[in-house]
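Contents: one structure, followed by commentary.
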Amino acid sequence: MAQIITPAFPRTRLRRLKQSESLRCMVRETALTPSDFIWPVFVQAGKNDVSDVPSMPGVQRHTVDRLPALARDAADLGIPAICIFPYTDPALKTAGCEEAWNPDNLSNQAIRAIKDAVPDIAVMTDIALDPYNINGHDGIVRDGVIVNDETVDALVRMGQAQAAAGADILGPSDMMDGRIGALRDMLEAEGYSNVSILSYAAKYASAFYGPFRDAVGAAGALVGDKKTYQMDPANSDEALRLVQRDLQEGADMVMVKPGMAYLDICRRVKDAFGAPTFAYQVSGEYAMLQAAAANGWLDGEAVMMESLIAFKRAGCDGILTYFAPTAARLLQ
Ligand code: PBG
């Protein structure tokens with residue numbers, strides 16, 4: 001950046017350009033639009049049914065038949081992508097996680113339903129074994145150890161089933177080593193060379209995921225924690241190594257997760273690589289803003305918009321956020 005020249009007061013009065021909304025908007029450095037959003041949607045089994053997620057006020061799980069209408073509304077609001085998260089029946093969870101690559105699992109049904117009805121919205125997936133794992137972990141567990149390479153093989157099968165169902169963007173969120181390269185090789189070999197990968201590259205072992213685990217029914221299942229594969233919140237240089245590694249293995253886009261407490265990481269990643277960079281404003285971030293708003297302690301709309309523009313200011317190209325439809329409606 002060039003040197004900033006600021007003559008001394010009163011030649012410089014930084015308040016001059018704040019005097020009216022017209023002046024303020026002339027010098028506004030970033031903008032938020034509905035095209036910045038990826039909307040995470042929870043899916044449940046059944047017919048024409050919804051259920052509330054108690055720890056995420058305003059968020060619901062929907063049956064597959066309701067998704068085309070939701071996707072249509074989102075596309076009409078200018079939201080370019082939806083990300084599918086399935087609530088899996090506990091009876092379908094196994095140690096081998098076989099349901100993850102069932103071509104007719106809930107997630108793959110959802111992908112097909114949306115792509116058939118609303119082809120113009122991009123469908124993103126989640127690749128990790130936790131919804132299907134009797135142990136609640138993102139990887140296969142053997143003798144208490146989350147085994148890496150065997151998990152990568154399972155993730156590739158899972159990703160292949162999602163690509164076959166019509167997914168546009170695969171979202172590996174598992175944090176195993178080597179999964180991006182393995183998924184990219186599979187996509188090239190199987191004729192899905194235009195399917196892109198948005199890697200959850202810098203994903204922290206965060207307590208902000210609590211409400212999400214309720215939403216997908218993984219909270220009860222999880223044995224232990226995810227610290228042997230997700231990042232230590234104390235680390236920052238490691239995020240750059242992970243992002244670089246995933247880009248080198250063939251990720252098209254990268255993600256930092258959670259969002260608000262990790263905006264420094266977003267900025268470093270964007271500055272270091274200039275790659276399409278996304279942040280996930282996760283369930284706990286959504287829950288805390290909604291809870292404070294419900295109590296009248298914060299102005300809900302104002303903090304929602306302020307939190308979202310912060311991601312743009314930090315260098316992000318887009319945001320996965322449960323606020324997507326609400327914020328998009330406000331922006332229209
Ligand atoms: C699954 C996954 C998680 C989230 C997205 N994908 C939870 C986890 O890693 O435990 C969290 C999303 C949120 O909290 O909104 N691997």
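Scope of the values below: all heavy atoms of this structure, side chains included, with no hydrogens, waters or symmetry mates.
- Note that CZ of Phe278 is 5.0 Å distant from CD1 of Ile38, once rounded to the nearest 0.5 Å.
- The two atoms that bring Pro86 and Pro131 nearest to each other are O-CB, 4.2 Å, heavy atoms only.
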Fill in: Test log, rule side-chain contact (heavy atoms from CB on, under 4.5 Å), inputs Lys93 and Asn133
CA-CA 5 Å; Lys93 298 186 191 209; Asn133 193 341; over 6 Å; no

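- Other residues, nucleotides and ligands place no more than 12 heavy atoms under 6.0 Å from the CD atom of Glu301.
- Minimum heavy-atom separation, Thr12 to Pro7: OG1-O, 2.7 Å.
- Side-chain atoms of Asn105 come within 3.5 Å of backbone N or O of Ala100 as a donor-acceptor pair.
- Annotation: cation-pi pair Lys257/Tyr209 present, NZ/CZ under 6.0 Å from the ring centroid and within 45° of its normal.
- No donor-acceptor distance shorter than 3.5 angstrom exists from the side chain of Glu99 to the backbone of Leu92, with no hydrogens or angles considered.
- The side chain to side chain contact (heavy atoms under 4.5 Å, CB included) test with Leu129 is passed by exactly one of Leu155, Ile146, Asp174, Asn135: Leu155.
- The pair Asp264-Arg268 fails the salt-bridge criterion, with no side-chain N (NZ, NE, NH1 or NH2) lying under 4.0 Å from an Asp/Glu carboxylate O.
- Using a 4.5 Å heavy-atom threshold, the side chains of Arg61 and Val50 count as separate.
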Item to complete: Evaluate salt bridge (Lys or Arg N to Asp or Glu O under 4.0 Å) for Arg184 paired with Asp252, printing each intermediate quantity in order.
Response: CA-CA 10 Å; Arg184 176 49 69 208; Asp252 303 281; 2.6 Å; yes

Worksheet entry | Worked verdict on Leu187 versus Leu170 for side-chain contact (heavy atoms from CB on, under 4.5 Å) | CA-CA 10 Å; Leu187 291 171; Leu170 303 186; 3.9 Å; yes

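- Electrostatic pairing of Arg241 and Glu238 does not count as a salt bridge here, judged by no charged N lying under 4.0 Å from a carboxylate O.
- Residues Asn148 and Thr151 have side chains not in contact (no heavy-atom distance under 4.5 Å, counting atoms from C-beta outward).
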Item to complete: Decide side-chain contact (heavy atoms from CB on, under 4.5 Å) for Lys203 and Tyr280; before the verdict, give the C-alpha distance in whole Å, the side-chain angles of both, and the deciding distance to 0.1 Å.
Response: CA-CA 9 Å; Lys203 177 173 179 180; Tyr280 199 143; over 6 Å; no

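- In this structure, the separation between CD on Gln44 and CG on Leu106 is 8.5 Å, given to the nearest 0.5 Å.
- Remark: of the listed residues Asp149, Asp153, Asp246, Asp246 is the sole one forming a salt bridge (Lys or Arg N to Asp or Glu O under 4.0 Å) with Arg179.
- Heavy atoms of other residues, nucleotides or ligands lying less than 6.0 angstrom from CG of Asn194 number 12 at most.
- Clustering ILVMFWY residues whenever any of their side-chain heavy atoms sit less than 4.5 angstrom apart, transitively, puts Val152 in the very cluster that holds Tyr192.
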Worksheet entry | salt bridge (Lys or Arg N to Asp or Glu O under 4.0 Å) between Arg28 and Glu21, worked out | CA-CA 10 Å; Arg28 192 158 290 143; Glu21 178 53 22; 3.2 Å; yes

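- Taking a cutoff of 4.0 Å between a charged side-chain nitrogen and a carboxylate oxygen, Asp130 and Arg213 do not qualify as a salt bridge.
- The shortest non-hydrogen separation linking Ala202 to Ile265 is CB-CG2, 4.4 Å.
- No path of Ile, Leu, Val, Met, Phe, Trp and Tyr side chains, each step under 4.5 Å between heavy atoms, connects Val141 with Trp101, placing them in separate hydrophobic clusters.
- Annotation: the span from Ile319 atom CD1 to Met260 atom CE amounts to 11.5 Å, rounded to 0.5 Å.
- A pairwise comparison of heavy atoms in Phe37 and Pro80 identifies O-CD, 3.2 Å as the closest pair.
- A heavy-atom distance below 4.5 Å is found between the side chains of Gln162 and Asn108.
- Taking 4.5 Å as the limit, some side-chain heavy atom of Gln290 sits within range of a side-chain heavy atom of Phe323.
- Among residues at least two apart or in separate chains, there is no salt bridge (Lys or Arg N to Asp or Glu O under 4.0 Å) pair with a member in residues 318-332.
- Interatomic distance, CG of Asp36 versus CD1 of Ile79, reported as 11.0 Å (0.5 Å rounding).
- For the pair Tyr262 and Pro233, the minimum side-chain heavy-atom distance is below 4.5 Å.
- Two residues are said to be in side-chain contact when any heavy atoms from C-beta on lie closer than 4.5 Å; Met253 and Asp317 fail this criterion.
- The existence of a salt bridge linking Arg112 and Asp104 is confirmed by a sub-4.0 Å separation between a basic side-chain nitrogen and an acidic carboxylate oxygen.
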Fill in: Pair Arg142-Glu150, side-chain contact (heavy atoms from CB on, under 4.5 Å): steps then yes or no
CA-CA 10 Å; Arg142 295 222 179 277; Glu150 195 180 335; 2.5 Å; yes

Worksheet entry | Worked verdict on Phe212 versus Phe42 for ring-ring contact (aromatic ring centres under 6.0 Å, His included) | CA-CA 9 Å; Phe212 172 96; Phe42 297 114; 5.7 Å; yes

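- Criterion: ILVMFWY side-chain heavy atoms under 4.5 Å apart, direct or through other members. Under it, Val59 and Val303 are part of a common hydrophobic cluster.
- By the rule that hydrophobic residues join a cluster once side-chain heavy atoms approach within less than 4.5 Å of another member, Tyr87 and Ile134 end up as members of separate clusters.
- Leu320 CG to Leu198 CG: the interatomic distance, rounded to the nearest 0.5 Å, is 7.0 Å.
- Looking at heavy atoms from C-beta onward, Gln281 lies in side-chain contact with Leu289 at the 4.5 angstrom threshold.
- With hydrogens and angles disregarded, a donor-acceptor distance shorter than 3.5 Å links the side chain of Gln19 to the backbone of Arg15.
- No donor-acceptor distance shorter than 3.5 angstrom exists from the side chain of Lys115 to the backbone of Ala110, with no hydrogens or angles considered.
- Of the N and O atoms on the side chains of Ser307 and Glu285, not one donor lies less than 3.5 Å from an acceptor on the other residue.
- Counting only distance, with no hydrogens or angles, the side chain of Lys312 and the backbone of Ala31 share a donor-acceptor pair below 3.5 Å.
- In this structure, Asn295 contributes its side chain and Trp297 its backbone to no donor-acceptor pair below 3.5 Å.
- Between Gly159 and Met186, the shortest heavy-atom distance links the atoms C-CE, 3.7 Å.
- Within a 6.0 Å radius of CD in Gln332, other residues, nucleotides and ligands contribute more than 12 heavy atoms.
- The number of heavy-atom neighbours closer than 6.0 Å to CZ of Arg16, taken from other residues, nucleotides and ligands shown, is above 12.
- Considering Ile180, Thr125, Asp126, Asp138 in turn, Ile180 is the only one that fulfils the side chain to side chain contact (heavy atoms under 4.5 Å, CB included) rule with Pro172.
- For the atom pair Tyr286 OH and Ser55 OG, the distance stands at 10.5 Å (nearest 0.5 Å).
- Smallest separation of non-hydrogen atoms from Thr277 and Cys266: CG2-O, 4.5 Å.
- Met158 is listed as a side-chain neighbour of Tyr132, based on a closest heavy-atom distance under 4.5 Å.
- The hydrophobic clustering, which links ILVMFWY residues whose side-chain heavy atoms are closer than 4.5 Å, places Met305 and Phe311 together.
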